[in-house]
Peer 1: 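For reference, the structure I am asking about is given below.
Heavy atoms only: backbone and side chains are in, while hydrogens, waters and symmetry mates are out.
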Amino acid sequence: MKQFLMNSVGRLDMICWILVVVFFCSCSLMFNGNFNQSFIAAGGVVLVMILIGLSIEVIIETLKDVKGLGTITGFITNGPELVCLIVGLVVGDVLFAASTPLGSNFMNPILLIAAALVTRVFLKTLQTNWRYSLTCISLTAGLAVSFYAIPIQYHMYWVVTAVVVTGVLFIKRPPEEAEESMEEEVIAKWSIIPAIIVLIAAGYFLDPVVSFASEQSHAPKGVIGFFVLATLSSWPEFKCCLALLNRKKYLAAILNITVSNITNIWLAVAGVATYFFMTAF
């Protein structure tokens, strides 16, 4: 287990952690923020990133020989979006509830490309079921844009369209095959349960921790929102793609992103449907 934890932390992780701390501390110095609080908050961001990364590694390690690994991880890494959806519905803000899952549909493909470049398998990843990948990503991103382009009173029509389109995309996804592994089991299968709980909890707290670091460092909100929040909030998908591509599971990495995009639409659909049901009664 100790060796597994050591192997799950790579050079890229450490570079990202250092850059996060340097970014917030530098902003606090340049914009007259609170340096000490910024350093502590940046440490909190790094801690959450570590928990997310380790959780992803544990989940993939326990499921490494299971057929449909990409589909399963695509569902699991949407845990933080599910929590944000529930929070938005509790406060009665359907636009906020749907914004987190729908916004992820644009960052997910970028992170897949980034992971493929980092692991130096870009061409191999690009050539793997590229027709389905392009179709799925384009349609799910289009559905996300159309949600905000139509008046709220027509959102039920959007719900019907989204269910039909994503249902077809999910059914038509490329099949995965289980791979036989001769590796000795490193961690127990039951470890997936606490790993999923930690992943969801860490994903939920990531945004508040980053927001606190932004407030203390006085970093420009535009920079924070576009470069920091957008990237860090999708850290689970990125870590998952890295882990899968490093294991040469190209189709699983692609399905992690495409199924995640489909699931994001389903979460938004569930949010809109719940909102209309609650307001009707």
Peer 1: Could you pull out the closest heavy-atom pair between Phe106 and Ala144, with the gap in Å?
Peer 2: CE1-CB, 3.9 Å
Peer 1: Counting only heavy atoms not in Phe75, do more than 12 sit closer than 6.0 Å to its CZ atom?
Peer 2: yes
Peer 1: Rounded at 0.5 Å granularity, tell me how far NZ in Lys239 sits from OG in Ser55.
Peer 2: 10.5 Å
Peer 1: Say whether, by atom type as modelled, one donor and one acceptor occur between the side chain of Arg173 and the main chain of Phe170 under 3.5 angstrom.
Peer 2: yes
Peer 1: Are any side-chain N or O atoms of Glu176 and backbone N or O atoms of Thr71, one a donor and one an acceptor, separated by less than 3.5 Å?
Peer 2: yes
Peer 1: Over all heavy atoms of both residues, which pair between Ala162 and Ile265 is shortest? Give the atoms and the distance, please.
Peer 2: CB-CG2, 3.7 Å
Peer 1: Which pair of non-hydrogen atoms, one from Ser146 and one from Leu143, has the smallest distance, and what is that distance?
Peer 2: OG-O, 2.8 Å
Peer 1: Just grab all the side-chain hydrogen bond (donor to acceptor under 3.5 Å, both in side chains) pairs involving residues 30-48, residues at least two apart or on different chains.
Peer 2: none
Peer 1: Compare every heavy atom of Pro109 with every heavy atom of Ile257, then report the nearest pair and how far apart it is.
Peer 2: CG2-N, 4.0 Å
Peer 1: Go through the structure and list residues passing side chain to side chain donor-acceptor pair (under 3.5 Å) with Thr258, not counting sequence neighbours.
Peer 2: none
Peer 1: According to a 4.5 Å side-chain heavy-atom criterion applied to Ile, Leu, Val, Met, Phe, Trp and Tyr, with indirect links allowed, do Phe147 and Met156 form part of one hydrophobic cluster?
Peer 2: yes
Peer 1: Please collect all side-chain hydrogen bond (donor to acceptor under 3.5 Å, both in side chains) contacts where either partner lies in residues 121-144, sequence neighbours excluded, each pair once.
Peer 2: Thr140-Asn261
Peer 1: Looking at residues at least two apart in the chain, or sitting in another chain, which of them share a side chain to side chain donor-acceptor pair (under 3.5 Å) with Thr119?
Peer 2: none
Peer 1: Specify the closest pair of heavy atoms between Pro174 and Leu251, including all atoms of both residues, with the distance to one decimal.
Peer 2: CB-CD1, 3.9 Å
Peer 1: Which distance, rounded to the nearest 0.5 Å, do you find between the CD1 of Ile113 and the CG of Leu126?
Peer 2: 8.0 Å
Peer 1: Minimum heavy-atom separation for Ala115 and Phe238, please, with both atom names.
Peer 2: N-CE1, 3.7 Å
Peer 1: Classify the ring geometry between Phe39 and Phe35 as parallel (under 30°), tilted (30 to 60°) or perpendicular (over 60°).
Peer 2: parallel
Peer 1: For Ile197 and Ile193: C-alpha separation, side-chain torsions, deciding distance, then whether side-chain contact (heavy atoms from CB on, under 4.5 Å) applies.
Peer 2: CA-CA 6 Å; Ile197 295 174; Ile193 298 176; 4.3 Å; yes
Peer 1: Is Leu29 atom CG crowded by more than 12 heavy atoms from other residues, nucleotides or ligands, each under 6.0 Å away?
Peer 2: yes
Peer 1: Given Val269 and Trp158, is the side-chain contact (heavy atoms from CB on, under 4.5 Å) satisfied, shown in steps?
Peer 2: CA-CA 8 Å; Val269 165; Trp158 178 89; 3.7 Å; yes
Peer 1: Under a 4.5 Å cut-off applied to non-hydrogen side-chain atoms, are Val20 and Phe24 in contact?
Peer 2: yes
Peer 1: Say you draw a straight line from CZ of Phe212 to CD1 of Ile40; how long is it, rounded to the nearest 0.5 Å?
Peer 2: 7.5 Å
Peer 1: Would you say His218's side chain and Cys27's backbone share a donor-acceptor pair under 3.5 angstrom?
Peer 2: no
Peer 1: Starting from Ile171, walk the hydrophobic network (Ile, Leu, Val, Met, Phe, Trp, Tyr; side-chain heavy atoms closer than 4.5 Å) and list everyone else you reach, by chain and number.
Peer 2: none
Peer 1: Is there side-chain contact between Cys241 and Leu111, with heavy atoms separated by less than 4.5 Å?
Peer 2: no
Peer 1: Applying side chain to side chain donor-acceptor pair (under 3.5 Å), can you list everything that pairs with Thr73, at least two apart in sequence or on another chain?
Peer 2: Asn256
Peer 1: Find out if a path of hydrophobic residues (ILVMFWY) with successive side-chain heavy-atom gaps under 4.5 Å connects Val272 to Val163.
Peer 2: yes
Peer 1: Between atom CG of Asn105 and atom CG of Asn264, what is the distance when rounded to the nearest 0.5 Å?
Peer 2: 4.5 Å
